[in-house]
Structure formats: C-alpha cells, structure tokens
Number of protein chains: 2
Amino acid sequence: MSKINNVAIVGGTHGNEFTGIYLLKKWRESPDIIKRSSFSTETVFGNPNGFRDNKRYLDCDLNRQFAQEDLANPELMNYEQSRAKAINTQLGPKGNSRTDLIIDLHNTTSNMGPSLIILQLDDFNTQLAAYLMQKMDDAVIVLEDQVDMKEHYFLCSVATRGLIVEIGPQPQSVIRQDVMDWMEEMTLHILDFTNKYNSEAGVTDIPSSFTAYRYEETLKLPLDEKGNRVGMVHKNVQDADFNVLRKGDPIFTLFNGEEVTWEGDYEAYPHFINEAAYYDNNLAMSLAKKVEIDVIR
Amino acid sequence: MSKINNVAIVGGTHGNEFTGIYLLKKWRESPDIIKRSSFSTETVFGNPNGFRDNKRYLDCDLNRQFAQEDLANPELMNYEQSRAKAINTQLGPKGNSRTDLIIDLHNTTSNMGPSLIILQLDDFNTQLAAYLMQKMDDAVIVLEDQVDMKEHYFLCSVATRGLIVEIGPQPQSVIRQDVMDWMEEMTLHILDFTNKYNSEAGVTDIPSSFTAYRYEETLKLPLDEKGNRVGMVHKNVQDADFNVLRKGDPIFTLFNGEEVTWEGDYEAYPHFINEAAYYDNNLAMSLAKKVEIDVIR
C-alpha cells in the first residue's frame, strides 16, 4: 500500500458534459470542499475550447489520446492531441507520474445513475468500490479491466491510479441538479475514502465484497450494407441500464417496425444505452456481466 | 372554412433533432403512410447541413429566419438565411403560399411529452386540438398566440396554417423509440384530421372545448452581474413540465446551495424546462397559464 500524496480532479474532458465543469468552478471558488488533510488536491479543466464551442471536442476525443505512443508522437498536433501532451506534462508523465490519483468527471445521456468506472482490480479500487456502495444507495460499479492501465488511452491513465466518475442521464449541454448532486457526492466520498486509505488504520468497516458490472462487449446500432442506420434501441431497453437482458429479449426496433432480439448466450447488463456521443461510431450500448468482486487487502 | 389541398411535413429544421429526420426517411421510402385522399403531402428536410455536422444549425437558428422582412432582405446570406429563402420559394411564398399547411417536427430535451404548439386560435387549430386530445392520452396543447402568424419568424408561418409538433424528452443527437412513436402517431392523427376537415361533413364527435397551456413569459437562468450562470433549475422543477408552480415554490438552485423561489402572482405551468438549445440565451424555461379554449365552428 503506497500513500496517495497528490490528487487531481479533471472536469470538462468532454466540452459538452457540463456537470464537472461547473463543479470545478464551484470548488475553485470554495477550495475547502475538496481539501483533505493527507494529500493535496488540484483541479484541471480538460477541454476548455470544447466547452467554449459547446462540443464534445474540436478535432478528436480527448479521452482517447493518452496512449504512451501517441503522447510520444510529435506528429499528433491537433487541439486534443496537444491538450493531451500538456496534461501529461502537468499531471504525469505517464509511467512516472507526479500525480497519484486522477478523478475524471463525465456525464452520459444514458440512465446510468451515479457510476464509478474502475480500470483494474487492486486494493485501492476494490476497497473504494465497497466503500462507495455502502455510502451511496444508487452507486454502481463498472469494471473495465479488459486493457492494462498502462496501455490505456484514457486521460486518467496518466496517474498511477485513475477513476472515471460517470453520471447520467443528462442531455449534452445541460445542467441537471440531480446529476450534479450525485457527482459532487461521489467525488467527495472518493476524497474521504482516500484520506482513510492514507491513514494508519486504513479503511475499516467495509464489506468484504461488492457487486460490479464487468465490461464484455459493445453492440452496434442496426445498419444496412451501406452503413446507414436502419433501427434504434428498443423501447424496453431504453433507460434500462444495468437491467438484465436475456437471450430472446427485444433489443432493437427497426424503422420498418420489425423487432430484433438479443441472441447472446449469457445474462447481459446493458449500459451506456443510446449514449449520444457514441452515434459517431454507431454504438448502441455496452454489455457487461454481473460479478461479485472480493475486496483486496 | 377553406379546403386544404397541399400539406408539407418538415423534419430536421434543427439538425440535431433526429426524430423528424428519421421519420422523413421512413415516409419517403413508404409514402403511403402519409398519403391521404383529399390533399397532397410532401416532405422537406429543413437543415441537412446541420444534420451532417450534428448541430442545431451552422450559422443561426433556421426556425427564427422566416419574418417577412428577413425573407425579403438579400443581405442575409448565411446558410440558414439562404435555406429560409429556398424553403419560402419551395413552399410559400409567405403571405400567398401554395402550401396550405406546414407540420414542422421538433424534439426537445425537456419532458414535454407529445406536444402540439399552435400559433393562433381558428376553426382548424381548435378542432384539431380537441381531436388530438381525444385520440392521444398524453397529448398536450401549447398555445403561442402572442405574435400574429404573419409576423412570425417560425418556418411553419410560411404556409397559411402552421403547426409545430414538439416531442420530448430526448437528448440532442439521439433517437428514442418512445419519442419517435409519439411523433409518428401525432403526425398521422393530424393528417387524418385534415382529411376529415376537408370532408363535407367536417370534423364531428369532438368535445366543444379543450385545455391548453398559453405562453406567458420566459425565465432566465440565474446570472451574476457579468452574465455568468450562478445556478440551475431546481430539482423539483426538473422534468415537471406542465405541473403547476405557485408563488413561493423553489424554482432555481444556486451553485452555492441557495434556493430561489418563484414569486409570480399567478399559477404558472413551466415547459421547455432546461432545454439544451436555450442555454445559448440562458433561458431556463417558459411559463404558461392553463386555459380552457372553446372549439370554433
């Protein structure tokens, strides 16, 4: 167990996800809210020009620009590629980072509630997940450990430890109070937890395991042979993030009225259902398996 | 009562309101769905380049470009100003229009359900409103008659009669099945109604009055003296479109936690609550008064 000395909270990695941006503004005006005794906390505005233009990004998705080889490639020069290098200098460098923990704040148009996405199973992440589930009734833990942290292209992979706070449903370019309340609550719990984690006693009185949704695969929207969309998410699945989907359940409705069923061979838990930002790539939703994870001591 | 010979259905007046755009595509492939015996139906894609760029508009809001003097002003040359002139030529000209009825299809991020916005009280609109309320349990009638139709800058004011079908909640750049089903159902009811209206018997068996929400005023988000947002829609009001708001009810929450109450002197019915597209102008919501309207024969 290594102590966490420096924490960075990043908001506005996507310029049209407003909650983190306005929380950063609030915390910069009242820094005591995010101050804790055992570590320093700083805030970073990920994509200010995306926010200025009210867009997710200007040139490319900032949260896909942090692979080691891309950070090292001077030919990648557009706005987000440049911001990635600047953030890596400010908080990293990745692999030998001066920042011990990055908390990256995101919104989704999907009905995911207050979700924490963790990227690997270790003592910090598993204890935090168990702690959060205890503190917040609605909290959901999503585990995306299909790629090693060091190989990741996410912004939060710049630090030794990285977390994504992902809260919805919220349309792009909107501020909802329920979503902001959830995001602030979850972030402050993470800071409190980190303070306990740093203490001599460590984190006590948490359950020995927790339920998580482990990423399995991504489904595309129904397309014709030319790549045009010919259908949409079925109304039974819309807003039903983290509700089980079984073989034979309707999953898409084609514009001609036909229904398409899911024919997978496992109990799937859809999330990121009908996320606006994923239409670029015609992604309809992610599927997870529900798993019970032991807390690592 | 003058017969309606030519109907135009417009989708994609705003490029990131997807439902009308995909319905147009469907109806162009299956034109029988929108064909009726007593009039011709055509479809028009309002802002195709907005859709291409996944934006509400490129240069300015297309649905604000149809004032007579703007249509007549050759100095107004940007994309939407040019589209307005082209649409006026195609469907109008305004004031002497070859199109008798325009149905303009819109989405909102607000929880307005299937709403019909009518711009004046006449036999056609009032009979239609009563008919729709009878056919669709969830239908809501919004009356925006504060400006004379001929003075209006809305696209649908190009025709003799104009309607706005406004369905939500739907994030920008997303297709929800429930919203698409509502929009198609309402549009087909309007076409059925128009067919009856054209018949010798006229529209029979409808109630003699209906409930509507008449536009009263628009509220701004809380701003500081520099024009920066310092608050958001209160969580009690979020998603509560067409629920009554009374003097003293909380309406905004400031980012510092303070609540702001509504101090108006009438029972207000908010709608377009927290609509993403209205953030440009820091508009928080519209307020209406609930009124009972007699059907005009």
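Proteins come first, then strands; the chains are lettered A, B, ... in the order of their sequence lines, and each starts at number 1. The shown structure was predicted, so the numbers you read here are calculated from the model rather than taken from an experiment.
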Undergrad: Which atoms of A:K235 come close to chain B, meaning under 4.5 Å heavy atom to heavy atom: side chain ones, backbone ones, both, or neither?
TA: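 For A:K235, heavy atoms of backbone and side chain both lie under 4.5 Å from chain B.
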Undergrad: So which of A:H234, A:R229, A:E29 has the biggest tally of heavy-atom pairs under 4.5 Å with chain B?
TA: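 Ranked by heavy-atom pairs under 4.5 Å with chain B, first place is A:R229.
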Undergrad: Can you tell which of B:T109, B:N274, B:D239 makes a side-chain hydrogen bond (donor to acceptor under 3.5 Å, both in side chains) with A:R176?
TA: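 Single side-chain hydrogen bond (donor to acceptor under 3.5 Å, both in side chains) partner of A:R176 among B:T109, B:N274, B:D239: B:D239.
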Undergrad: State the CD-CD distance between B:E259 and A:Q177, to the nearest 0.5 angstrom.
TA: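 Answer for the CD-CD pair, B:E259 versus A:Q177, is 7.5 Å.
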Undergrad: Tell me, with the steps shown, if A:M232 and B:F18 meet side chain to side chain contact (heavy atoms under 4.5 Å, CB included).
TA: CA-CA 11 Å; A:M232 58 193 155; B:F18 280 7; over 6 Å; no
Undergrad: For A:K25, is it the side chain, the backbone, both, or neither that has a heavy atom closer than 4.5 Å to a heavy atom of chain B?
TA: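 The side chain, not the backbone.
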Undergrad: I need the A:N54 CG to B:Q172 CD distance, nearest 0.5 Å.
TA: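 Answer for the CG-CD pair, A:N54 versus B:Q172, is 7.5 Å.
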Undergrad: Is it the backbone or the side chain of A:N256 that comes under 4.5 Å from a heavy atom of chain B, or both, or neither?
TA: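 Neither; nothing under 4.5 Å.
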Undergrad: Which atoms of A:F255 are under 4.5 Å from chain B, going by heavy atoms: the side chain, the backbone, both sets, or neither?
TA: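 Both backbone and side chain of A:F255 come within 4.5 Å of chain B.
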Undergrad: Please classify the contact between B:N16 and chain A as side chain, backbone, both or neither, with a heavy-atom cut-off of under 4.5 Å.
TA: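 No part of it gets close to chain A.
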